[in-house]
Number of protein chains: 2
Amino acid sequence: MDKLSPRPTNSSPLTPLGFLERSATVYGDCPSIIYDDTTYSWSDTYHQCLQLASSIRSLGVWKGHVVSVVAPNIPAMYELHFAMPMADAVLNNVNTRLDSRTISVLLHHSEAKLLFVDHQSTSVVQEAISLLPTNSQPPLLVLIADHDTPLSLAVRFSFTYKGMVEKGDPGFNWDRPETEWDSMILNYTSSTTRNPQPPWDVHHHGGLSSRVVRTQAASLPVDLTHVPRQWPNGWSYTWGMAAVGGVNVFLRKFDADTIYAAVRKHSSRLRVDGDGWAGGYVLVLKWNRLPATERARMKARQGMRTVGLTEMDVVDPDSGASVKQDGLTLGEIVLRGGCVMLGYLKDPEGTTQCMRDNGWFYTGDVGVMHPDGYMEIKDRSKDLIISGGENLSSVKVESVLYSHPATNEAAVEARPDEFWGETPCAFVSLKAGMDEKPTEKEMEFCRARLPHYMVPKTVVFKEELPKTSTGKIQKFLLREMAKTMGSPGTSRL
Amino acid sequence: MDKLSPRPTNSSPLTPLGFLERSATVYGDCPSIIYDDTTYSWSDTYHQCLQLASSIRSLGVWKGHVVSVVAPNIPAMYELHFAMPMADAVLNNVNTRLDSRTISVLLHHSEAKLLFVDHQSTSVVQEAISLLPTNSQPPLLVLIADHDTPLSLAVRFSFTYKGMVEKGDPGFNWDRPETEWDSMILNYTSSTTRNPQPPWDVHHHGGLSSRVVRTQAASLPVDLTHVPRQWPNGWSYTWGMAAVGGVNVFLRKFDADTIYAAVRKHSSRLRVDGDGWAGGYVLVLKWNRLPATERARMKARQGMRTVGLTEMDVVDPDSGASVKQDGLTLGEIVLRGGCVMLGYLKDPEGTTQCMRDNGWFYTGDVGVMHPDGYMEIKDRSKDLIISGGENLSSVKVESVLYSHPATNEAAVEARPDEFWGETPCAFVSLKAGMDEKPTEKEMEFCRARLPHYMVPKTVVFKEELPKTSTGKIQKFLLREMAKTMGSPGTSRL
């Protein structure tokens, strides 16, 4: 058969932005966002985004510029996920739990041109800006005010979110990406442990579009957005909801009472008709009401690849060969497919290290493959601690401990904690003649250099840390030790 | 921000074939196909396809070769939709209602290397092969036998479907496409009226994958496959069902009793769990049980673009400008997006004519755009008649009528028909001195040159057909005339 070639007609770059444009017609009068007592429609959201995009552009933001946001789950956060790439900018979500020092590092590294900041985060952001190196151009600040923002605060900002929306052009002709490889999202993450420096994942229009295929398959017409959008963009549900015309229920605070009240209120009242969904509503939290066996089955499914992923495997990290599908043989989890990130920002070496020429993305996570094809993460990657839902790299904490003049050796492991899940526990040996009791001064040393949640909550002093014959610290022994300590009850700090 | 480029890790070509591979793990023990009293699992289907693909390859079929199928909705038809492209071949579904002459034209044009034929279609296919031009290499025939296939028939074939599956290699390493622009499907269609020759749509892996996004959004965990798969591949539900682990209920015959019996039986007994579907089952036919207003609402949605389509518009065919969104101004419906076909086979001119440099696919259909963004097909393309669910081109029928020595002028329009929906109605003026009554000989003339369903069921003789001042036949007047005739009751032929 003769070979046919692509044409402009059938080769428009994939992008999740089109889903919002479509939703304004297909689901125009259906609810898009519920926040406190306000409900927006998909048509509202689309038009807000157009106006916002036009204002972002008018502030001198151009293709490839980074624009950052520091905000919790509020409507502005949602809209910016569309409006920024509509203006061709790259969105960088900054975790609201970070300290000013870390935020300043992020702003410097990403060279953010514009920074949207929620009224509750203005102090930390302004401090972060004051900490920027002198050769770093500070971003323009835009205040996201809420109904309870004090006027005294609002008047200190030249730009407000509301103002930008209002003065924007509702007829703005938004930019489709030139190719589906255009950058759209920049995420700072501490979850990859391959690199002691924080990696910066860049994600492209096509890849994010492929992820939405996954969220569609999961079909969540009413999404309580239990995941902070500051995490990887709400696991892409952010865009997926526009594809299926779902309802985003936003809560500024995540406590059990508020969440359950919202579940009760909206699961019984909200409904998305049309588009062929079998039932009116499904809530992620509904899983928690399922019988235990059913719940276990659903959770086991996390080990399957999604429709948007081409392949997943567990391989011997040295030979690259698949491990035995016996549920026992450990190997590194590798992925391949359209939804894998584009690469790391300003880190070609790091990118090449995990995105290899053999076509696989090496995740750095350890798992097994079961005989039935289910993958299971057996040991999360060894340098990772999950505290209060945040992944933190023990390597980063260790590097701060090592920078203290009294430290001889340091290793950080996870200690179980009733409230936080885990907290960082430091094992330290000191240089000769140093005092073993950590004083407030030592803790301040850490706090000045780390976000609060990364500061070790427990410090164990040892004459010497256990090492292998080649001199490597035997972290697995310390890990066991931290585990057997159990939860400290209430955390000290 | 520095520009990052795609790598093999994140640029695997999109293809719907991966959905089947995945389904063998994710939905391994869930039902894939129900046919008569047999139920297959997704694992069964995947392994059948691997074996079949290896056998197809072993018969000397290579990249870009066309393999044809003449079969109704049976499991083999489903499996071939995956197995053939897994062997890198291009699948061509042949309508079982076509006559031997037309089938022979199709086989000659596509240069099919292999032809799978259902036992009920062996006569017509063998006749088609005998009609092939002498310079045309006939395809190898493979019999798809069923439980009631006479042994006397089976022994006449060197290759059988069952035999090919059985002797195939279950460890066959199927070929992922090199690029998502690799051809996968070749469909003969008479639905485009731009060209008097039957166009051949070629569809590529990436485009078909984008369509599956659409079928996912429609979420049909149990699909009665009311649409013959010989039509555009079951509107891509064929592959979509593998993506969502749905159940394909196959019926060899489509009559109301059988369909409703199956709906009753399976809707109450079948269920697909997991993957987050809100309800257990949804049937397309369920729409028919909805209240009239709801049903009307669902049907109106046909005028919205799907998630897999980038843009849809109604434009002035001359200027290319969008028509007014007033629900009144007629224009040509144009599309753009990943799921648009790759092009026409052996027809670069036809391809360029409808897939224009401005990036739009000109459908040839006439519609309006409503103020709320809904598109509505106002007048189906004027040369199209839909009889028994088959689109037939009046131009083709007219060309046969013109080839009769007695014909002076001929025009074919749709006449309403209680059973077929519409039937072709011919308006003919004869050359001087010719008899006005069509004899059996004249009907035979048509039948020899056209599939039965294209043969005019009504012939109206006129002294002269109504024409414009420039001599063009005023088909719209004849169309009105045919409409007002009403249904003939039972069709004569």
Side-chain angles (χ1 to χ4, degrees), chain A residues 1-12 14 18-19 22 25-26 28 64-66 90 181 183 186 202 207 213 216-221 243-244 274-282 298 301 304-305 307 310 336-338 340-343 345-346 355-357 359-361 372-374, chain B residues 1-12 14 18-19 22 25-26 28 64-66 90 181 183 186 202 207 213 216-221 243-244 274-282 297-298 301 304-305 307 310 336-338 340-343 345-346 355-357 359-361 372-373:
Chain A
M1 218 184 80
D2 52 347
K3 197 173 159 58
L4 290 158
S5 302
R7 289 164 180 261
T9 302
N10 55 21
S11 53
S12 328
L14 293 174
F19 302 148
R22 174 176 170 270
T25 309
V26 180
H65 281 176
V66 173
V90 177
W181 302 104
S183 300
L186 172 64
V202 178
V213 176
Q216 274 201 269
S219 70
L220 296 167
V244 300
D275 212 27
W277 295 117
Y281 50 85
V282 184
M298 297 304 274
R301 296 242 156 180
M304 308 299 294
R305 74 177 166 92
V307 176
T310 306
R336 181 210 307 272
V340 169
M341 67 160 180
L342 186 54
L345 181 65
K346 298 180 182 175
M355 300 177 79
R356 306 216 185 139
D357 287 342
W360 288 103
F361 174 65
D372 60 3
Y374 274 73
Chain B
M1 220 185 79
D2 51 348
K3 197 171 158 59
L4 291 158
S5 302
R7 289 163 179 261
T9 303
N10 54 22
S11 52
S12 329
L14 293 174
F19 302 149
R22 175 177 171 269
T25 309
V26 179
H65 281 177
V66 172
V90 177
W181 301 105
S183 301
L186 172 65
V202 178
V213 176
Q216 274 201 271
S219 70
L220 295 166
V244 300
D275 212 28
W277 295 116
Y281 50 84
V282 185
R297 201 180 61 77
M298 298 304 274
R301 296 243 156 179
M304 307 300 293
R305 74 178 166 92
V307 175
T310 306
R336 183 210 306 272
V340 169
M341 68 159 180
L342 187 52
L345 181 66
K346 298 179 182 174
M355 299 176 80
R356 307 217 184 138
D357 287 342
W360 288 103
F361 174 66
D372 61 2

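Heavy atoms only: backbone and side chains are in, while hydrogens, waters and symmetry mates are out. In what follows, chains carry the letters A, B, and so on, assigned in the order in which the sequence lines appear, proteins first and then strands, with residues in each chain numbered from 1.
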Working for side chain to side chain contact (heavy atoms under 4.5 Å, CB included), residues B/Leu14 and A/Leu14: CA-CA 12 Å; B/Leu14 293 174; A/Leu14 293 174; 4.0 Å; yes
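Not counting sequence neighbours, the partners of A/Trp181 by the ring-ring contact (aromatic ring centres under 6.0 Å, His included) test are A/His204.
B/Arg336 touches chain A through backbone and side chain together, each having a heavy atom under 4.5 Å away. For B/Lys3, the part sitting under 4.5 Å from any heavy atom of chain A is the side chain, from C-beta outward, and nothing else.
The distance from the CG atom of A/Leu342 to the OG1 atom of B/Thr9 is 11.0 Å, given to the nearest 0.5 Å.
Among the candidates A/Val90, A/Leu345, A/Val66, the residue making the largest number of heavy-atom pairs closer than 4.5 Å to chain B is A/Leu345. In terms of non-hydrogen atom pairs under 4.5 Å with chain B, the most contact-rich of A/Gly28, A/Ser183, A/Pro8 is A/Pro8. Ranked by non-hydrogen atom pairs under 4.5 Å with chain B, the options A/Pro6, A/Ser5, A/Gly343, A/Gly338 are led by A/Pro6. Interface check for chain A: of the options B/Gly337, B/Gly18, B/Gly64, the most heavy-atom pairs under 4.5 Å are formed by B/Gly337.
Between B/Met355 and B/Met341 the shortest heavy-atom distance is CE-O, 3.2 Å.
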